[in-house]
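Have a look at the structure below, then the notes.
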Amino acid sequence: MRILVTGAAGFIGFHLVNRLVKEDYEIIGLDNINDYYDVNLKYARLNEAGIDKSRIDYNKFIPSNKFENYIFAKLDLTDDKNILSLFETEKFDLVINLAAQVGVRYSLKNPKAYIDSNIYGFLNILEACRHYPVKHLFYASSSSVYGGNTKIPFSEEDPVEKPISLYAATKRSNELMAYSYTHLYKIPSTGLRFFTVYGPWGRPDMAYYKFTKTILENKPIYVYNDGKMSRDFTYIDDTIEALRLLLLHTQKNETGGLPLILNLGNKSPTNLKDFINIIETKLEKKAICNYIEMQPGDMNETWADISELISITGYKPETIIESGICSFVDWYQLIYKKNYV
């Protein structure tokens with residue numbers, strides 16, 4: 001099985017590659033290594049997978065010096081010519097499109113980045129799958145598509161026509177685009193609605209990462225909406241195991257046998273104040289909290305109904321929030337002592 005993983009230098013992509021290379025897959029990873037957050041963290045992730053920063057050049061394959069079944073290329077999804085050429089040459093069996101411009105608040109500052117990457121870039125992936133068919137296309141969607149929905153937990157069958165951020169609008173657009181390509185060109189696809197994935201090697205723009213860093217620096221953290229928010233935090237290892245089982249499922253079924261949309265969450269939301277307390281307990285250090293109003297585009301609560309995921313894979317997330325946060329904090333303190341990033 002030849003698998004393309006886009007966003008391979010990103011948080012989820014990095015962990016997925018490092019899991020799949022241990023099995024009988026040939027993995028090609030892509031990433032444009034943009035500067036939305038510190039590129040040194042992205043290069044450090046690549047280095048963990050055996051990709052030497054000094055060897056990286058645009059649209060050039062770099063074989064891993066750690067895994068013989070992994071190669072990487074720096075390539076932007078908006079580069080339609082080279083994306084099509086890649087699909088023509090490599091003849092992928094599966095595509096896992098995790099590359100995207102992420103972040104709700106950044107979409108207020110730089111909306112064009114979301115249109116370029118999440119709309120035009122995704123269109124190029126769909127077109128490549130159309131001209132060079134694959135057995136299944138997985139792509140990253142988001143719990144953000146549920147917007148201001150008040151019915152909880154969120155189910156894949158719930159209406160999602162009122163996104164409250166441009167980021168959410170682009171992710172919902174991806175789902176609609178994929179649906180039309182599945183209908184018109186018979187491309188089996190599944191949109192993965194990720195619910196606040198966290199853990200080691202995570203993104204610096206995420207709350208758990210910023211809170212840990214800021215508390216250790218004796219600086220105040222900013223707590224939105226007086227802490228009256230909750231998130232269905234999903235540990236990275238649980239997310240990757242669910243993805244691995246979904247891949248196995250597609251191999252056993254001629255058409256993939258998967259729904260068009262699937263929640264990947266933990267089914268156990270945590271209140272923001274409790275979340276901060278867990279970090280404080282692990283750090284043995286109290287946070288200095290500045291309470292501020294709700295930010296535009298933010299959701300009050302996320303909570304995944306994962307009954308569909310369980311029925312397909314038989315897998316239930318195993319990591320409790322206390323354990324997951326401890327693993328992240330241990331990683332954070334170690335990685336910065338080593339000056340990786």
Side-chain angles (χ1 to χ4, degrees), residues 1-23 25-103 106 110 112-129 131-132 134 137-140 200-205 335 338-341:
M1 295 286 286
R2 295 178 64 76
I3 302 178
L4 172 66
V5 178
T6 73
F11 173 38
I12 299 176
F14 158 75
H15 280 279
L16 182 61
V17 166
N18 277 269
R19 181 65 180 85
L20 295 183
V21 291
K22 297 172 183 176
E23 302 192 17
Y25 297 115
E26 293 181 39
I27 308 298
I28 292 87
L30 297 187
D31 204 293
N32 68 355
I33 318 180
N34 69 22
D35 61 357
Y36 167 63
Y37 58 80
D38 187 0
V39 296
N40 289 316
L41 177 56
K42 298 181 180 182
Y43 283 123
R45 292 180 186 134
L46 289 172
N47 185 66
E48 286 291 302
I51 306 298
D52 187 347
K53 174 183 176 181
S54 66
R55 299 159 59 207
I56 295 175
D57 195 9
Y58 190 78
N59 199 32
K60 302 295 183 183
F61 282 135
I62 307 296
S64 168
N65 55 33
K66 185 175 181 181
F67 304 112
E68 62 180 16
N69 55 334
Y70 179 45
I71 59 175
F72 172 82
K74 182 178 180 181
L75 186 60
D76 198 301
L77 295 191
T78 61
D79 186 347
D80 53 351
K81 180 180 178 181
N82 280 316
I83 291 294
L84 279 174
S85 177
L86 177 74
F87 273 69
E88 180 182 20
T89 302
E90 299 302 323
K91 296 178 173 55
F92 299 113
D93 294 298
L94 298 173
V95 173
I96 306 172
N97 184 54
L98 302 175
Q101 179 56 60
V102 295
Y106 186 63
N110 189 4
K112 186 177 182 298
Y114 291 76
I115 302 302
D116 289 344
S117 179
N118 300 2
I119 302 298
Y120 182 56
F122 187 58
L123 174 64
N124 289 337
I125 289 292
L126 289 171
E127 278 290 283
C129 289
H131 292 289
Y132 305 100
V134 299
L137 164 65
F138 292 92
Y139 63 93
W201 295 99
R203 284 174 21 216
D205 63 320
I335 208 76
K338 290 185 176 181
N339 294 318
Y340 276 19
V341 292

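Here the side chain of N69 pairs a donor or acceptor atom with the backbone of V21 at under 3.5 angstrom. Between the R55 side chain and the P63 main chain, a donor and an acceptor come within less than 3.5 Å of each other. Between the side chain of Y114 and the main chain of V102, a donor-acceptor pair closer than 3.5 Å is present.
Listed by chain and number, the residues in a salt bridge (Lys or Arg N to Asp or Glu O under 4.0 Å) with D80 amount to none (sequence neighbours excluded). For K112, the side chain to side chain contact (heavy atoms under 4.5 Å, CB included) test picks out N110, D116, with sequence neighbours left out. Legend: residues meeting side chain to side chain contact (heavy atoms under 4.5 Å, CB included) with N34, ordered by chain and number and at least two apart, are N32, Y36, K42, Q101. Scanning for ring pair (Phe, Tyr, Trp, His ring centres under 6.0 Å) contacts around Y139 gives F122, with sequence neighbours left out. For Y132, the side chain to side chain contact (heavy atoms under 4.5 Å, CB included) partners are L84, F87, E88, not counting sequence neighbours. Under the ring pair (Phe, Tyr, Trp, His ring centres under 6.0 Å) criterion, F72 pairs with no residue at all, not counting sequence neighbours. Partners of D52 by salt bridge (Lys or Arg N to Asp or Glu O under 4.0 Å), not counting sequence neighbours: none found. When the side chain to side chain contact (heavy atoms under 4.5 Å, CB included) test is applied to K60, the partners found at least two apart in sequence or on another chain are D57. In this view, E127 and R130 satisfy the salt bridge (Lys or Arg N to Asp or Glu O under 4.0 Å) rule, not counting sequence neighbours.
One distance of note links CG of N65 with CD1 of I51; it measures 7.0 Å at 0.5 Å rounding. Here the CG atom belonging to L77 is positioned 9.5 Å from the CG atom belonging to N118, to the nearest 0.5 angstrom. The line from CG of L86 to OG1 of T6 is 11.0 Å long, rounded to the nearest 0.5 Å. Atom-to-atom distance recorded for D79:CG and K74:NZ is 12.5 Å, nearest 0.5 angstrom. Distance CG/N59 to OG/S85: 7.0 Å, rounded to 0.5 Å. The distance from the CD1 atom of I28 to the CG atom of L4 is 7.0 Å, given to the nearest 0.5 Å.
Taking both residues in full, the closest heavy atoms of G7 and A99 are given as N-CB, 3.6 Å, listed atom of the first, atom of the second, then distance. Closest heavy-atom contact between F11 and P200: CE1-O, 3.2 Å. The minimum heavy-atom distance between A8 and Y70, with the atom names listed, is CB-OH, 3.7 Å. Annotation for D76 and Y58: closest pair N-OH, 3.4 Å, computed over non-hydrogen atoms. The two atoms that bring N18 and K22 nearest to each other are O-CE, 3.3 Å, heavy atoms only. The heavy-atom pair separating G10 from D31 by the smallest distance is N-OD2, 3.4 Å.
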Inset, instruction - Assess whether side chain to side chain contact (heavy atoms under 4.5 Å, CB included) is satisfied between R19 and I27, documenting all intermediate values. - result: CA-CA 11 Å; R19 181 65 180 85; I27 308 298; over 6 Å; no

Legend entry - Residue pair L126, L137: steps toward the side chain to side chain contact (heavy atoms under 4.5 Å, CB included) verdict: CA-CA 9 Å; L126 289 171; L137 164 65; 3.7 Å; yes

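Here the side chains of L46 and F14 are not in contact, with every heavy-atom distance at 4.5 Å or above. Residues D93 and Y25 are not in side-chain contact: their nearest non-hydrogen atoms beyond the backbone lie 4.5 Å or more apart.
Among residues at least two apart or in separate chains, salt bridge (Lys or Arg N to Asp or Glu O under 4.0 Å) pairs with a member in residues 1-14 are R2-E26, R2-E90. Each salt bridge (Lys or Arg N to Asp or Glu O under 4.0 Å) pair with one or both residues in residues 63-72, not counting sequence neighbours, would appear here, but there are none. Note on residues 38-57: no pairs pass ring pair (Phe, Tyr, Trp, His ring centres under 6.0 Å), not counting sequence neighbours.
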